[in-house]
Number of protein chains: 2
Amino acid sequence: MKDKSKTISQSIAYRLEQMILDGSLPPEKKLPSERQLAERLGVSRSVVREALRELAGRGIVETIHGRGSFAKKVIEEIGETSPLMELYNTHARTLYDLYEVRALLEGEAAALAAENGTQEEHYAITKAFKEMEAVPAPANFALDYTFHLRIVEASHNPVLVHLLASLKSPLLKSVVTSLSNLVHRETFREHIERHHKQIYNAIISRNAVWARKSAATHVKYVSDALQNLEASDQPVIRDFSIEL
Amino acid sequence: MKDKSKTISQSIAYRLEQMILDGSLPPEKKLPSERQLAERLGVSRSVVREALRELAGRGIVETIHGRGSFAKKVIEEIGETSPLMELYNTHARTLYDLYEVRALLEGEAAALAAENGTQEEHYAITKAFKEMEAVPAPANFALDYTFHLRIVEASHNPVLVHLLASLKSPLLKSVVTSLSNLVHRETFREHIERHHKQIYNAIISRNAVWARKSAATHVKYVSDALQNLEASDQPVIRDFSIEL
DNA sequence: ACACATCAACTGGTCCTACCACGAGAGAAG
DNA sequence: CTTCTCTCGTGGTAGGACCAGTTGATGTGT
């Protein structure tokens, strides 16, 4: 239905490209070995190699001898040393600028995930949600991030996926920031958990409008809470060194 | 001296590319068979095939089953080969995904520019707007982009600025695409100019809600128009080589 | 002599298997 | 705990066998 009159290796190249774009294959992360791909796709290793060559020629993947093949990041990721990161570390307002954009993008992602998400993706979201719920508050920042990531992936919008991927570093940092500062306050924790549940339910029930509103409100709430916190007395802790 | 730390197939690809470019292998002419190349270059047929694949991925050669490989006429190699641009050259949908995100970001930028823009920035926007208005439709794509850029800069949100900057190349291309395809239709041109005027007025009068709505509607309109155009009959022209 | 079918000899496409070269991690040696 | 080594997984190359289109020469029937 889709492999119209093409050579097998070209079909494979197309499928791989599709996976990379949709985020099914995480950007800048190692993708399966040639032998694994060959077996999984039911073709010989040769065609896999030729497909990878073609994608390499287009600059979509990069393969390194002895290590493997990697999907090249579509949009430059913001590293720890980027100018934006500098701003973020020095200027308080940038944090809220980030939340502002985040509210937009995550809202859209949630809406699209509700509309276009496949059953598998909704299951992945469910899984991430339950895992996040299971772990007590302070230690689940990684799961929190994963939950949001699954939603974005289910949006089926490559531009959105890669844009949010490029914000990974500051985003992660912001998640840690919010959780560290707010989580020990019972009220905030309940709010956040309730928001997550709202977002989750909206997406699963495919209510796009509700999903967008919930996600945007959630981010906005966290941002406002941080801002109030900082305005009142306690300084917002910003500096963390984490890996994921 | 030449094959520094490269894989053999990459060297072969490079050598073939050079031969094609300097005319040793006449364009649009059949080049030696894979088996002949393998023997003449003293390598296995596998590496020859992979080299050809890589060149095929870059659009330099084209191989046809049963006939042979052909050097394609090199039109323009200059164009920015950003991975993101690669995608939506091959995947039509990505273009509309881009517009979807663009509608979000530009809407927010317009709203923020209305709220937070300084007088100087509003003047810069005014200047860009008048310049864009002055030039007849087909030739002002650069001014169109500048107009939108000024608005984003006036938003005072570094994250927004950075994200839209990272989308610059594909964004530029999309602007060119839309103008090239739609500008000769009187109806579309009038719509677009009216939209621009609405956005401009909303920002200058500091009406954030109106600004967001106008900008988002504008982008959405262009996207829909392109989609209708493509769905109906005429193919959307996507290929352009421009600098700015 | 012409038109047509046939077939043989190209071409690229796929598969396979063995082997080499490089890199990373586990485990032994200090 | 550090360092070295060695194994194992990875991509890279080789060469053979066979399949699948394309082409053109050959041959046959009219």
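Within every chain, numbering begins at 1; the chains are lettered A, B, ... in the order of the sequence lines, protein sequences first and strands thereafter.
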Enquirer: When you match Arg35(A) and Ser9(A) each to their closest nucleotide on DNA chain C, which lands nearer the 5' end?
Expert: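 The residue whose closest nucleotide sits nearer the 5' end is Ser9(A).
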Enquirer: Regarding Gln36(B), tell me which of base, sugar-phosphate or nothing describes its non-hydrogen contacts under 4.0 Å with the strands shown.
Expert: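 Gln36(B): backbone/sugar contact only, no base atoms under 4.0 Å.
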Enquirer: Send over the distance from Glu34(B) CD to dC19(D) P, rounded to a whole Å.
Expert: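 Checked: the CD to P distance equals 18 Å.
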Enquirer: Looking only at side-chain N and O atoms, does Arg45(A) come under 4.0 Å of OP1 or OP2 in dT14(C)?
Expert: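 The answer is no; no side-chain N or O of Arg45(A) sits under 4.0 Å from OP1 or OP2.
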Enquirer: Does dC22(C) have its OP1 or OP2 closer than 4.0 Å to a side-chain nitrogen or oxygen of Thr7(B)?
Expert: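 For Thr7(B), the contact criterion (side-chain N or O under 4.0 Å from OP1 or OP2 of dC22(C)) is not met.
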Enquirer: Could you state the atom-to-atom distance from CD of Glu62(A) to P of dT10(D) in whole Å?
Expert: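 It works out to 18 Å between those atoms.
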Enquirer: As a quick check of understanding, evaluate side chain to side chain donor-acceptor pair (under 3.5 Å) for Tyr221(A) and His191(A), giving each step before the final call.
Expert: CA-CA 9 Å; Tyr221(A) 171 78; His191(A) 267 102; 3.1 Å; yes
Enquirer: Using whole Å, what does the distance between atom C1' of nucleotide dG9(D) and atom CD1 of Ile64(A) come to?
Expert: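 That distance rounds to 15 Å.
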Enquirer: To the nearest 10 degrees, how far apart in direction are the end axes of the helix from dA1(C)-dT30(D) to dG30(C)-dC1(D), each fit to five base pairs?
Expert: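 Computed angle between terminal axes is 10°.
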Enquirer: Under a 4.0 Å heavy-atom cut-off, which of residues 37-44 of chain B touch DNA chain C?
Expert: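 DNA chain C contact set from residues 37-44 of chain B: none.
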Enquirer: Rounding to an integer number of Å, can you tell me how far Gln10(A) CD sits from dG12(C) P?
Expert: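 Value for this atom pair: 14 Å.
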Enquirer: Could you check how far CZ of Arg49(A) sits from C1' of dG13(C), rounded to whole Å?
Expert: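 Atom CZ in Arg49(A) sits about 16 Å away from atom C1' in dG13(C).
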Enquirer: For the pair Arg206(A) (side chain) and Gly117(A) (backbone), establish whether a donor and an acceptor sit closer than 3.5 Å, ignoring hydrogens and angles.
Expert: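 Checked: pair present.
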Enquirer: Ser46(A) near the nucleic acid: base, sugar-phosphate alone, or nothing, with a heavy-atom cut-off under 4.0 Å?
Expert: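 Base contact.
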Enquirer: Does a side-chain N-to-carboxylate-O contact under 4.0 Å join Glu121(A) and Arg150(A)?
Expert: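 Here Glu121(A) does not pair with Arg150(A) in a salt bridge, since their nearest N and O are not under 4.0 Å apart.
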Enquirer: Could you walk me through whether Thr126(A) and Tyr200(A) satisfy the side chain to side chain donor-acceptor pair (under 3.5 Å) test, starting with their C-alpha distance in whole Å, then the side-chain angles of each, then the deciding distance to 0.1 Å, before giving a yes or no?
Expert: CA-CA 8 Å; Thr126(A) 301; Tyr200(A) 169 71; 3.0 Å; yes
Enquirer: More 5' along DNA chain D: Arg53(A) or Gly66(A), using each one's nearest nucleotide?
Expert: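 Of the two residues, Gly66(A) wins.
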Enquirer: Figure out the NZ/C1' separation between Lys6(A) and dA20(D), and round it to whole Å.
Expert: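 Distance, rounded to whole Å: 18 Å.
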Enquirer: With His122(A), which residues qualify under ring pair (Phe, Tyr, Trp, His ring centres under 6.0 Å), at least two apart?
Expert: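 Expected list: none.
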Enquirer: Between Glu39(A) and Arg35(A), does any side-chain N to carboxylate O distance fall below 4.0 Å?
Expert: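 No, no charged N to carboxylate O under 4.0 Å.
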Enquirer: Is any side-chain N of the basic residue among Glu131(A) and Lys127(A) closer than 4.0 Å to the acidic one's carboxylate O?
Expert: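 Yes.
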Enquirer: Counting only side-chain heavy atoms from C-beta out, which of dG21(D), dA24(C), dC22(C) sits nearest to Arg67(A)?
Expert: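 Nearest to the side chain of Arg67(A) among the choices is dA24(C).
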Enquirer: Nearest 0.5 Å, please: how far is CZ in Arg45(B) from CD in Glu34(B)?
Expert: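 Going from the CD atom of Glu34(B) to the CZ atom of Arg45(B) covers 4.5 Å.
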Enquirer: State which of dG11(D), dG13(C), dC15(C) makes the closest approach to the side chain of His65(B).
Expert: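 Nearest listed nucleotide: dG13(C).
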Enquirer: How many angstroms lie between CD1 in Ile12(A) and CG in Leu41(A), if you round to the nearest 0.5 Å?
Expert: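 Answer for the CD1-CG pair, Ile12(A) versus Leu41(A), is 4.5 Å.
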